[in-house]
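To start, the structure under review is shown below, and the notes come after it.
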Amino acid sequence: MDAQNLVVIGSGPAGVSAARAYREAGGPGPVDVLTADTDPPYERPPLSKEFLRGESGLPSLAEDYLAGHDITVTLGDPVTELGDGRLRTASGVVHRFTTCVLATGSEPVRPEIPGADHPDVRTLRSAADARALREAASGVRSAIVVGAGFIGCEAAVSLSRLGLQVTVVCPDDVPQERRLGREAGAFLLRWLKSEGVSVLRGTKLLSIEGGYRIRTDLVPILDAGFVVLATGVRPRIELAEAAGLTVERGRIRTDEHLRTSMPGVLAAGDIALAYHPAAGRALAVEHWGEGLAMGEVAGRTAAGEDAVWDEVPGFWSVIGDRVLKYAAWGDGFDRAHPLPRDDGGFTVWYERDGKTVGVLTHEADDDYERGQELVRRGAPVPGS
């Protein structure tokens with residue numbers, strides 16, 4: 001193909017951001033966004049919050065921009081084959097490209113226990129999932145949320161606010177103890193309890209029966225109206241693996257420009273294991289905001305610019321009415337330094353090898369803003 005064009009696989013934040021950035025950088029030719037999702041591109045963060053509670057509609061993701069800049073979105077037709085300058089969708093349509101951005105995102109992980117694959121056991125990743133979960137919540141009195149990550153905590157509070165008795169099955173002693181440390185987890189635990197959510201701590205899920213009954217190592221039987229699995233996600237890399245792209249640690253390896261090992265193919269978002277020049281190593285990131293940032297770099301790279309992924313990864317989480325802000329390399333720390341504030345806010349600084357590698361804040365925006373630069377520079381933790 002002589003004329004330049006771009007094909008984007010995936011309609012989440014990374015895919016839409018890539019298409020938009022390509023156009024804004026002057027990228028010529030047709031732009032096609034191909035997706036397995038049957039909904040037009042939408043913002044995912046509200047799915048576990050306002051949208052789940054029925055307080056808002058489905059926020060669109062740059063729909064007006066796409067329509068006004070010769071960017072075509074094809075829904076409900078997943079890409080099944082990727083080759084040198086061409087791809088094929090499930091319906092048999094062949095698209096040729098000069099540049100392709102892979103942004104296929106992640107899918108929920110169901111634990112390998114009896115009953116986890118029951119059709120009535122819910123997950124929460126897509127708009128369709130959120131609609132089904134809201135409908136299920138309208139006819140029951142209680143729910144069990146398995147997992148105490150951010151999606152689990154957000155969904156648990158939303159379901160509680162819908163009037164359900166909600167129990168969270170937490171594998172650690174406090175929510176997110178391994179990721180954020182014990183002190184931060186203690187704050188999350190108090191927030192959940194203040195919203196009327198019960199938390200089974202240090203509990204291992206053994207099985208799910210009938211889609212509504214669980215067995216754990218601490219509680220023999222617990223019934224509810226339904227069970228929601230918030231047990232992590234898995235990057236969708238099957239297409240890349242079949243095409244022979246370099247894959248490491250379950251993700252597609254890229255450079256700082258988001259280029260993969262296949263000429264003309266870039267990867268962005270959850271699926272990318274991208275080199276980060278400030279961190280000095282490849283990072284795996286699963287944040288909505290980072291999908292937008294990486295997609296922009298991929299789109300600008302596709303348009304011929306010298307774009308580099310060099311922002312400090314970060315995200316916000318809204319649990320009820322409380323906002324957490326987090327910026328970090330995200331691949332571990334040696335020590336956590338919690339600093340509670342008299343007004344109820346707090347900051348947790350994360351340290352590794354004497355350097356600041358992360359910051360978590362609630363109602364401490366000054367520390368959040370300062371923390372991003374400290375992480376970037378590898379500066380010592382404040383006050384250390």
Next on the checklist: Within the 4.5 Å heavy-atom criterion, are Pro108 and Leu229 side-chain neighbours or not?
Outcome noted: no
Item to check | Main-chain N/O of Arg201 paired with Thr203 side-chain donor or acceptor, under 3.5 Å | outcome: yes
Checklist entry - Is there a side chain to side chain contact (heavy atoms under 4.5 Å, CB included) between Cys100 and Leu6 once you walk through the steps? => result CA-CA 6 Å; Cys100 175; Leu6 174 70; 5.8 Å; no
Item to check | Step-by-step side chain to side chain contact (heavy atoms under 4.5 Å, CB included) determination, Leu34 to Leu87 | outcome: CA-CA 11 Å; Leu34 311 177; Leu87 57 82; 3.6 Å; yes
Checklist entry - So which heavy atom on Pro46 is nearest to which on Pro59, and how close? => result CG-CG, 3.7 Å
Item to check | Salt bridge present between Asp331 and Arg281 (N-O < 4.0 angstrom) | outcome: yes
Next on the checklist: Under a 4.0 Å threshold between the charged nitrogen and the carboxylate oxygen, would Arg178 count as salt-bridged to Asp172?
Outcome noted: yes
Next on the checklist: Could you tell me if the side chain of Trp349 sits less than 4.5 Å from the side chain of Leu339, heavy atoms only?
Outcome noted: yes
Next on the checklist: Checking Arg370 against Asp367 for the side chain to side chain contact (heavy atoms under 4.5 Å, CB included) test, could you report, in this order, the C-alpha distance in whole Å, the side-chain angles of both residues, the deciding distance, and whether it holds?
Outcome noted: CA-CA 5 Å; Arg370 177 171 59 139; Asp367 281 347; 2.9 Å; yes
Checklist entry - Has the side chain of Thr356 got a donor or acceptor atom that lies under 3.5 Å from a matching backbone atom of Ala379? => result yes
Item to check | Glu290-Trp309 side chain donor-acceptor pair, cut-off 3.5 Å | outcome: yes
Checklist entry - Is there a side-chain contact between Leu266 and Thr254 (heavy atoms, below 4.5 Å)? => result no
Checklist entry - Can you check whether Ile71's main-chain N or O pairs, donor with acceptor, with Asp32's side chain at less than 3.5 Å? => result no
Checklist entry - So among Thr216, Leu200, Val169, which one has a side-chain contact (heavy atoms from CB on, under 4.5 Å) with Leu222? => result Leu200
Checklist entry - Are any side-chain N or O atoms of Thr231 and backbone N or O atoms of Gly147, one a donor and one an acceptor, separated by less than 3.5 Å? => result no
Item to check | Full working for salt bridge (Lys or Arg N to Asp or Glu O under 4.0 Å) between Glu135 and Arg131 | outcome: CA-CA 6 Å; Glu135 182 178 353; Arg131 293 190 191 100; over 6 Å; no
Next on the checklist: One pair to check against salt bridge (Lys or Arg N to Asp or Glu O under 4.0 Å): Arg341 and Glu363. What are the steps and the verdict?
Outcome noted: CA-CA 9 Å; Arg341 295 192 173 198; Glu363 296 185 354; over 6 Å; no
Checklist entry - Arg377 and Glu373: salt bridge (Lys or Arg N to Asp or Glu O under 4.0 Å), yes or no, with the steps? => result CA-CA 6 Å; Arg377 292 192 288 109; Glu373 182 58 26; 3.5 Å; yes
Next on the checklist: Run Arg86 and Glu81 through salt bridge (Lys or Arg N to Asp or Glu O under 4.0 Å) and show every step you take.
Outcome noted: CA-CA 8 Å; Arg86 62 185 294 278; Glu81 180 184 335; 3.3 Å; yes
Next on the checklist: Contact between Leu133 and Val228 at the side-chain level, heavy atoms closer than 4.5 Å - yes or no?
Outcome noted: yes
Item to check | Check: Ser106 side chain, Asp270 main-chain N or O, donor-acceptor pair, under 3.5 Å | outcome: no
Checklist outcome for this item: Gly295 and Ser17 have their tightest heavy-atom pair at C-OG, 3.6 Å
Item to check | Over all atoms of both residues, closest heavy-atom pair of Met294 and Ala272 | outcome: CE-CB, 3.6 Å
Checklist entry - Going by an N to O cut-off under 4.0 Å, is there a salt bridge joining Arg20 and Glu24? => result yes
Checklist entry - Does Arg352 pair with Asp334 as a salt bridge, N-O distance under 4.0 Å? => result no
Checklist entry - Taking Arg300 for the side chain and Ala18 for the main chain, is one N or O donor matched with an acceptor at less than 3.5 Å? => result no
Checklist entry - Which class fits the ring pair Phe346 and His362: parallel under 30°, tilted 30 to 60°, perpendicular over 60°? => result tilted
Checklist entry - Are the side chains of Tyr350 and Leu180 in touch, meaning some heavy atoms are under 4.5 Å apart? => result yes
Next on the checklist: Quick check against the 3.5 Å criterion: does Thr301 have a side-chain atom that pairs as donor or acceptor with the backbone of Val297?
Outcome noted: yes
Checklist entry - How about Val31 and Asp70: do any of their side-chain heavy atoms sit closer than 4.5 Å? => result no
Next on the checklist: If you define the side chain from C-beta out and look only at heavy atoms, does anything of Pro382 sit under 4.5 Å from Leu374?
Outcome noted: yes
Checklist entry - Which pairs pass ring pair (Phe, Tyr, Trp, His ring centres under 6.0 Å) with one or both residues in residues 46-65, sequence neighbours excluded? => result Tyr65-His69
Checklist entry - Any salt bridge between Arg125 and Asp129, counting N to O under 4.0 Å? => result no
Checklist entry - Looking just at side-chain N and O atoms, do Glu256 and His276 make a donor-acceptor pair shorter than 3.5 Å? => result no
Checklist entry - Under 3.5 Å, side chain of Ser261 to main-chain N/O of Thr246, donor-acceptor pair present? => result yes
Checklist entry - How about Tyr42 and Ser126: do any of their side-chain heavy atoms sit closer than 4.5 Å? => result yes
Checklist entry - Do the ring centers of Phe315 and Tyr326 come within less than 6.0 Å of each other? => result yes
Checklist outcome for this item: On a heavy-atom basis, the closest approach of Ala240 and Leu102 is CB-CD1, 4.2 Å
Checklist entry - Taking 4.0 angstrom as the limit, do Arg251 and Glu286 come out as a salt bridge? => result yes
Checklist entry - Side chains of Ser48 and Glu154: donor-acceptor distance under 3.5 Å anywhere? => result yes
Next on the checklist: Is it the case that the side chains of Asp37 and Ser11 hold a donor-acceptor pair, with the cut-off being a distance below 3.5 Å and no angle test?
Outcome noted: no
Item to check | Any donor-acceptor pair under 3.5 Å from Glu369 side chain to Asp365 backbone | outcome: no
Next on the checklist: Under a 3.5 Å threshold, yes or no: a donor from one side chain and an acceptor from the other, between Thr80 and Arg88?
Outcome noted: no
Checklist entry - Any luck finding a side-chain donor-acceptor pair between Thr89 and Asp77 under 3.5 Å? => result yes
Checklist outcome for this item: Closest non-hydrogen contact found for Ser194 with Arg322 is OG-NH1, 3.4 Å
Checklist outcome for this item: In short, Ala328 meets Gly358 closest at the heavy-atom pair CB-CA, 3.5 Å
Checklist entry - When rounded to the nearest 0.5 angstrom, what distance separates CG in Leu82 from OG1 in Thr104? => result 10.0 Å
